[in-house]
4 protein chains.
Amino acid sequence: MVNKVILVGNVGKDPEVRYFDNDQAVANFPLATTERGFKTRDGQEVPDRTEWHNIVAWRGLAKIAESYIKKGTQLYVEGRIRTRSYDDANGVRKYMTEIYADTINLLGRRSSGDNDQAGSADQPMQHTSSNQQSAAQNNLSNSSDQGSFNAGESGPEDDLPF
Amino acid sequence: MVNKVILVGNVGKDPEVRYFDNDQAVANFPLATTERGFKTRDGQEVPDRTEWHNIVAWRGLAKIAESYIKKGTQLYVEGRIRTRSYDDANGVRKYMTEIYADTINLLGRRSSGDNDQAGSADQPMQHTSSNQQSAAQNNLSNSSDQGSFNAGESGPEDDLPF
Amino acid sequence: MVNKVILVGNVGKDPEVRYFDNDQAVANFPLATTERGFKTRDGQEVPDRTEWHNIVAWRGLAKIAESYIKKGTQLYVEGRIRTRSYDDANGVRKYMTEIYADTINLLGRRSSGDNDQAGSADQPMQHTSSNQQSAAQNNLSNSSDQGSFNAGESGPEDDLPF
Amino acid sequence: MVNKVILVGNVGKDPEVRYFDNDQAVANFPLATTERGFKTRDGQEVPDRTEWHNIVAWRGLAKIAESYIKKGTQLYVEGRIRTRSYDDANGVRKYMTEIYADTINLLGRRSSGDNDQAGSADQPMQHTSSNQQSAAQNNLSNSSDQGSFNAGESGPEDDLPF
DNA sequence: TTTT
DNA sequence: TTTT
């Protein structure tokens with residue numbers, strides 16, 4: 001049983017982050033992936049096609065979304081498809097498909113001049129939900145670990161040859 | 001821009017296959033993926049959760065669906081997320097998220113006795129849409145390849161029992 | 001930074017499992033994936049091509065490998081590529097590429113007659129390493145979670161034989 | 001049978017591109033993915049770990065590599081694992097694991113000032129080999145499509161310089 | 001609606 | 001609603 005989604009796209013709006021009593025947080029934002037159009041053999045134009053994904057990020061990923069993700073950000077998102085139903089204002093049952101994020105990577109974070117000076121903000125980042133399927137199945141309750149996670153990021157790749 | 005879905009699950013109903021004038025075919029069927037539940041650290045039970053995916057398979061994949069996929073079949077499906085809107089009988093706009101299949105693999109096709117004798121029907125199958133993203137994005141006009149694809153499929157595997 | 005491998009194939013030999021003093025375990029086994037050959041347009045035969053992957057599974061996954069995986073088993077494996085170097089008996093440096101498993105699913109576990117009687121052993125299984133990339137990359141100090149992971153596994157899934 | 005690799009990383013050296021008589025081209029370059037280190041519960045430091053992948057890109061992908069990929073470029077690569085053997089200068093059999101690219105995306109291609117002026121070269125790009133697994137496994141005789149593929153590439157994306 |  |  002595998003339910004895996006891998007997306008690379010651009011964020012359409014700044015994330016909306018909500019906090020709960022138990023220190024839980026959840027972020028929601030749209031992510032666009034565009035398939036380039038093409039021309040069929042018989043000359044028909046198939047236009048570009050943009051798909052909008054509703055990304056949902058919990059816990060540490062929500063906090064990262066709040067701090068680092070904004071309209072236009074290019075992201076790698078790995079997660080699972082979840083369809084949720086709810087009743088709208090008129091009592092009509094609605095369905096909404098969301099991508100429950102397990103891992104988020106900020107892409108393309110290079111300094112503007114592409115000159116790799118020390119201390120630049122080029123650090124790529126990867127963040128993984130501790131509540132992901134794996135973790136969930138492992139019964140981990142490690143939301144606090146995510147705090148220490150951000151700090152670790154900016155240093156360790158300085159010795160890399162690029 | 002990446003929009004990739006990888007599923008391993010079980011088919012919920014026999015596929016519905018429709019044919020069009022231009023010899024096109026499309027198959028639709030539901031696929032279930034179940035996430036096992038767990039118990040949280042504080043003793044809460046999180047139950048199993050089954051997600052139903054609407055799989056859409058075109059062309060050669062549709063024909064394969066018709067011939068080899070039925071209720072209960074275990075599948076590997078690789079594809080893309082597509083949200084489609086339509087107006088229902090009451091003129092209400094509805095949205096439906098589908099998985100547009102690019103590759104389908106039939107899993108677990110072992111002979112009934114699991115005894116690996118020669119000539120057993122253990123051959124796993126993989127099939128790939130020729131209209132997948134890659135092709136589309138490369139402007140291939142290979143609808144005729146899809147013809148030869150289908151023909152080819154039954155060609156080189158003629159010694160296989162399907 | 002993403003290093004992800006997804007394989008569906010058949011196990012080539014029974015796993016070799018080694019145990020360590022600290023109750024750690026590791027399993028190694030080969031997994032075959034076969035790409036079907038084809039004929040090029042100019043008539044050349046491209047033969048089938050089988051790739052052998054060296055799968056490495058730690059901790060709970062090793063135990064599952066020992067109990068449920070044997071020669072011929074069809075598996076879904078998700079993991080990471082790791083190249084390891086070592087010096088052979090002649091002091092020659094050798095490199096070996098392995099797939100470090102994060103998730104393993106046993107596929108196609110249907111009862112021999114495909115008759116779904118109660119109590120059959122058809123349970124599909126998914127198992128995920130608690131030491132997977134996500135945890136590692138998030139600077140989590142959850143080795144104990146890994147402990148509780150193993151324990152946890154037998155918690156919420158008490159009806160499973162592991 | 002699935003053999004899929006998904007990588008997001010940085011190119012370590014400018015690609016080496018070789019051309020053949022039949023207008024074929026192949027590019028080789030190393031891609032680094034870094035797994036962040038962490039501290040285990042008992043205080044052990046697990047350092048960062050960089051994995052170097054040998055990427056091989058044929059045909060149109062090779063030309064794209066030549067034109068757009070250089071040391072430092074951040075890439076999404078989707079492909080397959082292939083282990084190749086060869087005899088070195090001393091007649092010793094060697095093995096080399098490569099990633100045969102099916103799709104390459106250039107990531108993070110924003111104009112240097114992040115100011116979205118018209119006509120900027122910010123186009124993200126995705127490119128897919130027409131000789132990918134799917135085609136191969138479906139017995140397509142589309143080597144000529146690969147020809148038309150390359151031609152086709154410059155068709156619908158005529159504003160792109162390839 | 002599947003599967004275990 | 002993004003991005004090119």
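Below, chains carry the letters A, B, ... as their sequence lines are ordered, and counting in each starts from 1.
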Integer-rounded Å distance: [N] [atom2] and [X] [atom1]:
{"X": "B:E16", "N": "E:dT1", "atom1": "CD", "atom2": "P", "value": "14 Å"}
{"X": "A:M1", "N": "E:dT2", "atom1": "CE", "atom2": "C1'", "value": "7 Å"}
{"X": "A:W52", "N": "F:dT2", "atom1": "CH2", "atom2": "C1'", "value": "4 Å"}
{"X": "B:Q74", "N": "E:dT1", "atom1": "CD", "atom2": "P", "value": "21 Å"}
{"X": "A:L31", "N": "F:dT1", "atom1": "CG", "atom2": "P", "value": "16 Å"}
{"X": "B:L75", "N": "E:dT3", "atom1": "CG", "atom2": "C1'", "value": "12 Å"}
{"X": "D:N105", "N": "F:dT2", "atom1": "CG", "atom2": "P", "value": "20 Å"}
{"X": "B:I99", "N": "E:dT1", "atom1": "CD1", "atom2": "P", "value": "21 Å"}

Notebook entry, point to check: Please walk me through it: do B:L7 and A:V2 pass side-chain contact (heavy atoms from CB on, under 4.5 Å)?
Noted result: CA-CA 5 Å; B:L7 304 172; A:V2 175; 5.9 Å; no
Item checked: Listed partners of B:E66 passing side chain to side chain contact (heavy atoms under 4.5 Å, CB included), at least two apart ->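 Scan of B:E66 (side chain to side chain contact (heavy atoms under 4.5 Å, CB included), adjacent residues dropped) gives B:V17, B:Y19.
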Item checked: Contacts of type side chain to side chain donor-acceptor pair (under 3.5 Å), residue A:T33, not counting sequence neighbours ->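 Result, side chain to side chain donor-acceptor pair (under 3.5 Å) vs A:T33: A:H53.
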Candidate nucleotides [options], ranked by approach to the side chain of [X] - the nearest:
{"X": "B:N10", "options": "F:dT1, E:dT2, F:dT2", "value": "E:dT2"}
{"X": "B:K13", "options": "F:dT3, E:dT2, E:dT1", "value": "E:dT1"}
{"X": "B:A32", "options": "E:dT1, F:dT3, E:dT2", "value": "E:dT2"}

Check: Just checking B:T33: base, sugar-phosphate only, or nothing, at a heavy-atom cut-off of under 4.0 Å?
Finding: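 Result for B:T33 = nothing.
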Margin query: Counting the atoms with a prime plus P, OP1 and OP2 as sugar-phosphate, which does B:K71 contact under 4.0 Å by heavy atoms, base, sugar-phosphate, or nothing?
Written below: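 Sugar-phosphate contact only.
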Notebook entry, point to check: Does a salt bridge link A:E35 with B:R80, judged by any charged N lying under 4.0 Å from a carboxylate O?
Noted result: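 Result for this pair is yes, salt bridge flagged.
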Note to self: Can you tell me whether the side chain of B:T73 and the base of E:dT2 have a donor-acceptor pair closer than 3.5 Å?
What the structure shows: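 Answer is no: no donor-acceptor pair is held.
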Item checked: Distance-only side-chain donor-acceptor flag, D:Y76 / D:E78, under 3.5 Å ->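 Present: a donor and an acceptor within the cut-off.
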